[in-house]
Amino acid sequence: MAVKEYPAGTQLIQSEQSITALHVIAKGTVRATYPGGVFYLNKGDVIGVCELFFDSHFISYETEDTTSLASYPYSAAQLSNIMHSNADMANLIVTSLFRQFHEIFDQYELGHFDCDNFYHYLMDRYDEYVTFCSKHNFSPRSLPGLESLSELVLEEDIESWLNGYYSQLRKMVTSKSVKEQNPDFLVGLVLRASQDIYQVVSVCRVLYDYKAGIADLLMNENRLDFFDLYASLLYKIGANADDSTSLIATLSTMMIQLESQPSIDQDMYHSRVNEYKERLNNLSEYTATQSETESKGEEVPDIIDSLSTILSYSGVNDEIAASFRNAINQYTNLSDKNSTDDASRKLRLHITKLFYQIYEKAFLRSIHDFSVPKVLQMFFNFGYVDEHLAGMENATYLYSIVDRLPTNPDKKVYSIYEWLCAIYTGQKTPSRNEFDVDYLAYLHEQKMTGKITAADEISMQNDREKQVLFEIHNMFPSVNKITFGRISSFCPVFSEHNILKELNTALVSAEKVQESFTRIRSIDFSAYYRDTIYTNPDLGIGKEYVSIEILPDIILMPNIGIRGVMWQEIEGRKRTTPSRMMVSVFQMEDLTNILVRLTGDFRWEMCKRIQGARWNDISDPSLTSEYFDYIQFYKKNRDLSADAKDKVKLSMQKAKNSFKEMFIRDYEAWILYEGFGSPRLNKVSRGILFSYCPFAKEIRDKLKTNPLYKDMMDRYDIKLNQKIHHFNNLFQKLKNMGADVPKEIQGQRNYLDK
C-alpha cells in the first residue's frame, strides 16, 4: 500500500463523514477531536478504528505535524477478512483500539471531575458575591441562567466497571500473539468496543455542553456574567479599598479558569481581559468620573420623591397608596431582592398586584392630559417608581431620555405607552389574551356565560376604554413577566439591581430593531413575506400568487429584561396583518439574537396558521409537517448517522420535547451559523430549512461550491427558474398587449430575484 504525506494542519476526516478507509500512521502525529475531548495518535496507530461499528465517523482527525499515512480501502464486510488473513494489520487494529479507548475514557473521567469542580466553584463565587454586596450595602444582581443551574445529573452514564473490564481484556488479548487469537473473537472485540467508545464519547459531549454552560456564565459576549459582577464591584469600591485585593484575586483566578475552557471565544476573552486591566490601571480616574456623574444626578429636582408624584397623579385611594409605599420601602431595603424565601416572594407579588392597579389609574388619566409629567412618563415606559430604588444616576438618565425615546410607531416600534395609546385611539386592536382569545371573542364568551348582556356586548365592541383595559389586564402583565426573563424573581418596578450593563447601550431603539431585521432578512430573505392571490381579468390575469412583506410590530415592555416573545402571528383573522413581538425596553441580551429567535417562532406559528388542522400532516408538505415528521421518526431515518441521531435525542431533551422549541433552536443555528458557511445542522434538518427558509441569492452563490448544499441548490434553482420563466412569459404577454405591468406582478418578479 502506497504511503502518502500530508502537511501539518490538514483536515483528514470530518465528523459524520462516511468510513471508506483505514489509515495507518507511518510517521507524524494526528490530532483526534470530538465535543468534550482531544487525544493524539502516533506512529502505528490506526485512524478510524474506534468507529468501525458505524457507517460514519464521530471523531474528526487533523494532522498535527507533517504526517505520512498508509490507507486501506475499508467496508464493514472487510473487517472479518482482515482479521483472518492479515495478522500484522489485525495486530495494529487491536493494539491501537485499546490505546484509544483508554485515552477517551481518561477524558471522560477528567470531564466528570471538572464538571463537579466547576459547578461548586461557580456557586461558591456567587455566595461570596452576595456576602460582599451585603457587607457594602449593594443589591446583588442575578444572572440569566443562574437560577436554573443545578449539579450535573446524567440520564445515561457510563457503567463503573467498563474501564476495568477493558484493562483486563487488554492484558488477556496482548499476552499472546494475534495469530493465536480467534479471528471472530477479534472482530467481535473491535465492533463491541466501537459501540462502547461511542457511548463514552456521547457522554463526553454532554459533559462538554455542561461545562460550556458554566463557562458562559463566567464570561459571555453580552457581559451578563460573573466576570462583570466582580469587576463592577471593584470599580464601585475602588482599587485601594480594603476589600479590593480579594476581588482582584478572584478575578485573576477566574481568568485562569477561563483560559482553559475550549468553549470560550478567545478573541472575546482577550478583549474583555484587556479592557479590565486598562480600567484597573485607571480606576481612580473612573471613580472620579462616576462621582461627578452621581453628583449631577442629584441636581434634578423633579425626581425627588418620585413615588409621591406617581401616587398623587394616579388618584388611587389612601389605602392602596400607603400599602404600595410601604411595600416599595421594604423592597428597597432588602439586601437580596432576588431572594426566593417566602417573605420576599410574597412582597414581590404584592408590589406586582398594586403596580398594575396604579398603572391603570394613571394611564386612564394621562390620555386626557396634554402635559403628562416626566416622572409619570418614566413610570409608564420604564416601570420607574422611586429614585432610591432605581439609583439616582439611573433615575437621572431615565429623566433625560423619557421625552425623546428612540421609538417610532411609523417604523413599527412602539413604547408600551405609545402602544396603549394606539389601542385607545383605534389605530390598533387589543392583543389576544394568554388563552389566545381576542377582544371580540372574549366579549362573546362573556355574553354566552351570562356575565354581560347582548346589548353590553355590542356597546363594548367599540368602547376604546374597555379595549385598552383588556390590553392592560391581559397582555401587559403576562408579557412583562416573560420578557423580564427571570420569572421567580420578577417585580415590575425599575430597580438598580437588575441592571447588568450600561443603560445607554441596553436601550432598544427603532434604529437598532431595523438593523437587526435587515441583518436577518439579508440571510432569510422570505422570513416575513406572505403569499396572497392577485387577479386582474382586464389584463387576462386569472390567478397569480404574489408575496408581500409585512414586518412585525415591536412593543417595548417597561422592564430590564433578557427575553423576547412572539405574542401573535397576525391580527384577528387577516393573514396580511403584522405579527406582534415584544422585547424589554432595556435589553440585557443581544437584540439580534433575540429577534432571530422570535423570527423562528413566527415562521412556525405562521405555518401552523396557514395549514390549520393539517399543520403536522406529512401528506400536505409544509415546514411544520416535514419538521414534525423528521423529529417524530428520526430514529428510523437512514439519512441520519448514529452520531446525528444521538445529537437529535440530546437536543430534544434540552428542548423539553417541544417540537416548536427544537425547530427554533435549529433556525437560530441556520441564521447565525449556517448562513455564514459554518455547518451546525444535520442533513435532514438542513434540507427542511433550505426548502422553506432559503438563503438570499448572495449567500446561495457563495455556498454553491459547498458539497453540503449542492444538491439542495440544484433542486431550488430548477424550481426558481420555472417560476421566473412563467413570469417572463407573463411580462412578454403584457408587453404584446401594450399594457403596463401591474406593480404586484413586478413586485413578485423582484422577489424571485432575491
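Owing to the predicted nature of the structure, the values given are computational and were not obtained by experimental measurement.
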Among Lys608, Arg580, Glu605, the one residue meeting side chain to side chain contact (heavy atoms under 4.5 Å, CB included) with Glu569
Glu605
Ion pair present between Arg749 and Asp753, side-chain N to carboxylate O less than 4.0 angstrom?
yes
Going by heavy atoms in the side chains, are Thr340 and Glu147 under 4.5 Å from each other?
no
Using a strict 4.0 Å threshold on nitrogen-to-oxygen distance, state whether Arg521 and Glu549 make a salt bridge.
yes
Looking at Trp604 versus Phe659, is the centre-to-centre ring distance below 6.0 Å?
no
Check step by step if side chain to side chain donor-acceptor pair (under 3.5 Å) holds for Ser625 and Asp620.
CA-CA 7 Å; Ser625 65; Asp620 185 10; over 6 Å; no
Would you say the side chains of Thr429 and Gln467 form a donor-acceptor pair under 3.5 Å?
no
Closest approach of Leu640 to Lys645 (non-hydrogen atoms, all atoms of both residues)
O-CE, 3.4 Å
For Asn682 and Tyr634, does a side-chain donor sit closer than 3.5 Å to a side-chain acceptor?
no
Could you check whether Gln611 and Thr624, counting side-chain N and O atoms only, form a donor-acceptor pair closer than 3.5 Å?
no
Which residue is it: Phe476, Tyr414, Trp567? I am looking for the one with a ring pair (Phe, Tyr, Trp, His ring centres under 6.0 Å) to Trp419.
Tyr414
Is the Phe54 to Tyr198 ring centre distance short of 6.0 Å?
yes
Asp225 side, atom CG; Arg272 side, atom CZ - distance, nearest 0.5 Å:
4.0 Å
Among residues two or more places apart or on two chains, list those pairs meeting salt bridge (Lys or Arg N to Asp or Glu O under 4.0 Å) that have a residue in residues 212-222.
none
If you look at every heavy atom in Ser431 and Glu471, which pair is closest and at what distance?
N-OE1, 2.6 Å
Quick one about Gln17 and His57 (side-chain donor to acceptor, distance below 3.5 Å, no hydrogens or angles considered), yes or no?
no
Smallest heavy-atom separation, Ser15 atom then Ser60 atom, equals N-OG, 2.9 Å
Assess the side chains of Arg530 and Thr532: does a donor N or O sit below 3.5 Å from an acceptor N or O?
no
Candidates Lys501, Arg141, Met219 - the one meeting side chain to side chain contact (heavy atoms under 4.5 Å, CB included) with Asp228
Arg141
Any side-chain heavy atom of Leu143 within less than 4.5 Å of one from Phe226?
yes
Please determine whether side chain to side chain contact (heavy atoms under 4.5 Å, CB included) holds for the pair Arg223 and Leu500, giving the CA-CA distance in whole Å, both sets of side-chain angles, and the decisive distance to 0.1 Å.
CA-CA 8 Å; Arg223 296 172 178 267; Leu500 304 178; over 6 Å; no
Do Ile158 and His112 come within less than 4.5 Å of each other through their side chains, counting heavy atoms only?
no
Using only heavy-atom distances, determine whether the side chains of Glu544 and Gln748 contain a donor-acceptor pair under 3.5 Å.
no
Compare all side-chain heavy atoms of Met713 with those of Lys710 and state whether any distance is below 4.5 angstrom.
no
Looking only at side chains, do Asp617 and Ser619 share a donor and an acceptor under 3.5 Å apart?
yes
Could you give the distance from CG (Leu595) to CE (Met566), rounded to the nearest 0.5 Å?
12.5 Å
Does a side-chain N-to-carboxylate-O contact under 4.0 Å join Lys649 and Glu155?
no
When rounded to the nearest 0.5 angstrom, what is the spacing between CZ in Phe695 and NZ in Lys702?
12.0 Å
Would you say the ring centers of Tyr751 and Phe525 fall short of 6.0 Å from each other?
yes
Considering residues, nucleotides and ligands other than Asp116, do more than 12 of their heavy atoms fall under 6.0 Å from its CG?
yes
For the CH2 atom of Trp670 and the CG atom of Asp524, what is their distance to the nearest 0.5 Å?
9.0 Å
Hey, does the Lys NZ or Arg CZ of Arg686 hover above the aromatic six-ring of Tyr709, less than 6.0 Å from the centre and inside 45° of the axis?
yes
With a 4.0 Å cut-off, would you call Lys428 and Glu571 a salt bridge?
yes
Do Glu418 and Thr407 get their side chains close enough for a donor-acceptor pair, meaning under 3.5 Å?
yes
Hey, does Phe663 have a side-chain heavy atom less than 4.5 Å from the side chain of Leu623?
yes
Ring centers of Tyr528, Phe602 separated by less than 6.0 Å
yes
With Asn593, which of Leu598, Ile671, Leu672 fulfils side chain to side chain contact (heavy atoms under 4.5 Å, CB included)?
Leu672
Shortest non-hydrogen contact from Ile264 toward Ala215
CD1-O, 3.7 Å
In Å and rounded to the nearest 0.5 Å, what is the OG to CD1 distance from Ser584 to Ile555?
12.5 Å
Please examine the side chains of Phe58 and Ile197, heavy atoms only from C-beta on, and report whether any two atoms are closer than 4.5 Å.
yes
Report the C-alpha distance between Arg680 and Ser678 in whole Å, list the side-chain angles of each, state the deciding distance to 0.1 Å, and finish with yes or no for side chain to side chain contact (heavy atoms under 4.5 Å, CB included).
CA-CA 7 Å; Arg680 288 291 190 279; Ser678 178; 2.7 Å; yes
Can a salt bridge be assigned to the pair Arg597 and Asp601 using a cut-off of 4.0 Å between side-chain N and carboxylate O?
no
Can you tell me if Arg603 and Ser526 form a side-chain donor-acceptor pair at under 3.5 Å?
yes
Identify the two heavy atoms, one from Met588 and one from Ile562, that lie closest to each other, and give their separation to 0.1 Å.
CB-CG2, 3.8 Å
Going by distance alone, is a donor N or O of one side chain under 3.5 Å from an acceptor N or O of the other, for Arg486 and Ser142?
no
Leu650 versus Val206: any side-chain heavy-atom pair under 4.5 Å?
yes
No-hydrogen, no-angle side-chain donor-acceptor test under 3.5 Å, Asp157 and Tyr108
yes
Glu661 versus Ala655, closest heavy-atom pair with distance
CG-CB, 3.6 Å
With rounding to the nearest 0.5 angstrom, report the OG to CG distance, Ser579 to Leu551.
8.5 Å
Carefully, step by step, assess Thr352 and Lys481 under the rule side chain to side chain contact (heavy atoms under 4.5 Å, CB included).
CA-CA 10 Å; Thr352 301; Lys481 180 184 288 189; over 6 Å; no
Is NZ or CZ of Arg432 both nearer than 6.0 Å to the six-membered ring centre of Phe435 and within 45° of the ring axis?
no
Please step through side chain to side chain contact (heavy atoms under 4.5 Å, CB included) for the pair Met475 and Met557, ending with a clear verdict.
CA-CA 11 Å; Met475 181 280 282; Met557 304 307 293; 4.3 Å; yes
Please work out whether the ring planes of Trp615 and Phe628 are parallel, tilted or perpendicular, with thresholds of 30° and 60°.
perpendicular
Ring centroid separation Tyr627 to Tyr692 under 6.0 Å
no
Salt bridge between Lys411 and Glu511, side-chain N to carboxylate O under 4.0 Å?
no
